[in-house]
Amino acid sequence: MKRRRHRPIAVLMSLGLVAASWAVVPPAATAGESRGIQIPAFYDPPAQIPASPGSLIRSEPMPLSLNLPVVFPGKATRLMYSSIDSAGRPVAVTGAYIEPTVAWRGPGPRPVVAFGSGTIGSGDQCAPSLGLEHPINLGIGSDGNTLTLTYDLVQMSGLLNKGVAVALTDYVGLGATDRRHHYLNRVSTGHAMLDVARAVKKLPGVSIPAGTKFGAWGYSQGGGASGAAVELQPTYAPDVNLVASYVGAPPANARTTMAGAEGGLISAAMGLAMNGFLDSNPELVPVFDRNLNASGKKMLADTATMCIADVIASYPLAKSGAWTVDGKTLGQVVDSEPLLAKVIDDQRIGRLKPKGATLISTALGDNTVPHAQVKQLAKDWCGKGAAVRYLPVGLPALPGDRDQLVLHHLEGMLLAYPTALAWMTDRLSGAAAPSNCGSLGLMP
């Protein structure tokens with residue numbers, strides 16, 4: 001079966017405008033395909049989605065490719081659950097729950113961390129839950145070739161080895177085959193993070209007692225997701241006992257992040273974002289239709305089903321002006337289109353006070369997800385009285401170094417990880433949360 005998401009740009013105007021209180025129906029009987037990789041039938045959402053967010057739609061045991069002591073000590077359950085996207089529609093989201101085989105040594109019941117992956121792509125074959133089975137996967141198909149690389153297994157492994165359970169979300173539209181991935185969509189990704197925490201409590205055979213402590217974890221795209229979740233929790237999911245969030249290199253300001261990506265190794269990741277906004281905001285179709293040339297529309301069609309390795313291989317160091325009718329960068333297109341500007345500006349993280357303790361990390365030399373806008377998020381949250389620890393790592397970029405090869409961004413993930421793991425474990429164990437908001441002005 002060819003996947004339903006392979007559609008021209010104009011057809012996106014007709015995307016999902018129905019939202020109602022729906023009942024659960026049995027799983028679809030057929031599987032889809034994306035770039036030569038078969039998507040299991042599990043990932044086809046039912047025709048009707050429960051209106052209550054966090055409802056468990058279906059689940060099944062799933063194999064882990066790295067199920068070894070220390071390497072990845074756990075057993076996994078694949079799940080599909082309901083969430084609410086930024087347009088207010090009930091949507092099906094997939095993911096996985098990983099129960100450690102290592103004991104939790106802290107007080108109280110075993111805690112759970114809602115985990116959001118970094119940028120991994122838009123095609124359903126890139127879904128992080130599928131990557132638990134196939135961390136590296138090659139697909140060759142009529143709609144193009146693909147390479148999936150599930151690099152966040154290392155961070156998940158660290159949590160499992162501490163005895164912390166992981167509730168992994170695939171985000172809206174990444175895995176579930178009925179829509180495009182809502183990449184960097186603040187509300188959709190934040191809701192997906194919070195609702196996976198709700199859903200895992202309903203898994204058969206899984207015991208998550210009342211009062212269990214939850215954390216949120218993510219770097220890069222995942223940092224944006226955890227940052228959005230910790231802001232949205234008080235009003236959207238007060239029933240989730242969220243006590244701590246690791247917000248690593250979050251793209252808190254979409255405009256600044258677009259400028260940072262421009263001309264870099266992952267500049268075509270802007271296509272992932274555009275495809276997502278066309279799904280959540282179909283009124284943008286004429287905006288992109290009049291601003292993108294043939295190359296730009298091809299880039300959109302390509303990136304809709306690509307993983308990040310495919311994006312890099314197909315559009316390395318691309319300049320977005322090559323995709324527009326008048327040579328404007330996509331950032332300049334945003335400036336010239338009020339409707340698009342509003343959608344982009346609505347993605348800003350930092351306008352709400354986060355729940356619980358937060359650790360925000362940034363690499364000083366990171367210009368891919370620019371360091372300055374991460375520090376600004378720390379300032380914004382500190383100004384609202386939040387318990388924030390700000391963690392700058394690495395060295396500042398040399399003059400003229402725009403981090404086009406994403407090296408400083410990757411460095412930031414590696415350097416912050418040990419501190420983030422220890423910090424998260426301490427918070428889940430009940431230790432008081434240190435804040436350095438008072439010295440933020442003296443820090444780089």
Side-chain angles (χ1 to χ4, degrees), residues 3-5 15-16 18-19 22 24-25 27-28 32 34 39-60 62 76-98 112-118 120-132 152 166-203 214 216-218 221-222 224-226 228-229 232-233 236-237 240 272 275-276 279-280:
R3 301 184 56 246
R4 287 168 285 174
R5 286 169 60 193
L15 286 172
V18 178
W22 293 343
V24 181
V25 299
S34 185
I39 309 301
F42 185 96
Y43 290 82
D44 281 332
Q48 296 179 323
I49 311 299
S52 178
S55 297
L56 182 66
I57 297 174
R58 65 176 74 119
S59 63
E60 66 179 18
M62 68 175 297
T77 302
R78 195 188 330 264
L79 69 149
M80 179 181 285
Y81 62 96
S82 63
S83 189
I84 304 293
D85 73 3
S86 61
R89 304 172 295 189
V91 290
V93 182
T94 54
Y97 175 73
I98 312 163
V112 182
V113 162
F115 192 100
S117 293
I120 198 167
S122 277
D124 291 332
Q125 77 279 12
C126 325
S129 64
L130 282 173
L132 296 175
D152 274 323
V166 172
L168 172 67
T169 180
D170 289 336
Y171 302 126
V172 174
L174 183 57
T177 59
D178 63 337
R179 66 188 66 248
R180 299 195 175 195
H181 175 35
H182 287 197
Y183 180 73
L184 299 188
N185 184 307
R186 178 179 64 88
V187 173
S188 291
T189 55
H191 285 181
M193 289 276 282
L194 293 166
D195 287 329
V196 77
R198 286 167 156 164
V200 297
K201 293 189 284 187
K202 300 164 187 172
L203 285 170
F214 281 80
W217 179 293
Q221 179 187 3
S226 60
L232 295 169
Q233 186 273 348
Y236 180 76
V240 176
L272 311 184
N275 276 304
D279 187 284
S280 60

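What you see is a predicted model, and the numbers here were worked out from it, not measured in a lab. The figures that follow rest on heavy atoms only: side chains count, while hydrogens, waters and symmetry mates do not.
For Arg78, the salt bridge (Lys or Arg N to Asp or Glu O under 4.0 Å) test picks out Glu60, Glu133, with sequence neighbours left out. For Ser117, there are no side-chain hydrogen bond (donor to acceptor under 3.5 Å, both in side chains) partners, not counting sequence neighbours. Remark: Tyr97 pairs with Glu99 by the side-chain hydrogen bond (donor to acceptor under 3.5 Å, both in side chains) rule, at least two apart or across chains. For Ser59, the side chain to side chain contact (heavy atoms under 4.5 Å, CB included) criterion is met by Leu56, Thr77, Leu79, Leu203, Pro204, not counting sequence neighbours. Scanning for side-chain hydrogen bond (donor to acceptor under 3.5 Å, both in side chains) contacts around Thr94 gives Asp170, with sequence neighbours left out. Taking Asp85 as the reference, Arg89 meet the salt bridge (Lys or Arg N to Asp or Glu O under 4.0 Å) condition, with sequence neighbours excluded. For Asp195, the salt bridge (Lys or Arg N to Asp or Glu O under 4.0 Å) criterion is met by Arg198, not counting sequence neighbours. Under the ring-ring contact (aromatic ring centres under 6.0 Å, His included) criterion, Tyr171 pairs with His181, not counting sequence neighbours. Applying the side-chain hydrogen bond (donor to acceptor under 3.5 Å, both in side chains) criterion to His191, with sequence neighbours excluded, gives no partner residue.
In this structure, Ile49 and Ile57 have side chains that are in contact, with non-hydrogen atoms separated by less than 4.5 Å. Considering only heavy atoms from C-beta on, Leu168 stays 4.5 Å or farther from Asp152 through its side chain. Side-chain contact between Val200 and Tyr81: absent, with no pair of heavy atoms (C-beta onward) separated by less than 4.5 Å. Contact annotation: the side chain of Val91 never approaches that of Asp178 to less than 4.5 Å [non-hydrogen atoms, C-beta and beyond]. A 4.5 Å side-chain heavy-atom check between Ser83 and Val196 finds every atom pair outside the cut-off. Residues Pro45 and Thr177 meet the side-chain proximity criterion, which asks for heavy atoms closer than 4.5 Å. With contacts defined as side-chain heavy-atom distances shorter than 4.5 Å, the pair Asp279/His182 qualifies.
We find the NZ-CZ distance between Lys201 and Phe214 to be 5.0 Å, quoted to the nearest 0.5 Å. Rounding to the nearest 0.5 angstrom, the gap separating the CD1 atom in Ile120 from the CD atom in Gln125 is 10.0 Å. The OG atom of Ser280 sits 11.0 Å away from atom CG of Asn275, with the distance rounded to the nearest 0.5 Å.
Heavy-atom minimum distance, Tyr43 versus Gly175: CB-O, 3.4 Å. Nearest heavy-atom pair across Ser122 and Leu272 is OG-CD2, 3.4 Å. Residue Val93 comes nearest to Ala192 through the heavy atom pair CG1-CB, 4.4 Å, listed as atom of the first residue, atom of the second, then distance. Heavy atoms only, all atoms of each residue included: Ala229 and Leu194 are closest at O-CD1, 3.7 Å. The two residues Ala92 and Ala176 have their closest heavy-atom pair at O-CB, 3.6 Å. Considering every non-hydrogen atom in both Cys126 and Gly121, the closest pair reads SG-CA, 4.1 Å.
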Next item on the list: Under the side chain to side chain contact (heavy atoms under 4.5 Å, CB included) rule, what do Asp44 and Ile39 come out as? Steps first, then yes or no, please.
Entry: CA-CA 8 Å; Asp44 281 332; Ile39 309 301; 5.9 Å; no

Next item on the list: Evaluate the criterion side chain to side chain contact (heavy atoms under 4.5 Å, CB included) for residue pair Tyr236 and Ile84; output intermediate values, then yes/no.
Entry: CA-CA 10 Å; Tyr236 180 76; Ile84 304 293; 3.7 Å; yes

Checklist line | Derivation and outcome, side chain to side chain contact (heavy atoms under 4.5 Å, CB included), residues Leu174 and Tyr183 | finding: CA-CA 9 Å; Leu174 183 57; Tyr183 180 73; over 6 Å; no

Next item on the list: In sequence, state the C-alpha distance, the side-chain angles, and the governing distance for Thr169 and Phe115, and then conclude on side chain to side chain contact (heavy atoms under 4.5 Å, CB included).
Entry: CA-CA 6 Å; Thr169 180; Phe115 192 100; over 6 Å; no

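Proximity of a side-chain donor or acceptor of Ser188 to a complementary backbone N or O of Asn185 within less than 3.5 Å is not detected. Within the 3.5 Å criterion, the main-chain N or O of Ser52 finds a donor-acceptor partner in the side chain of Ser82.
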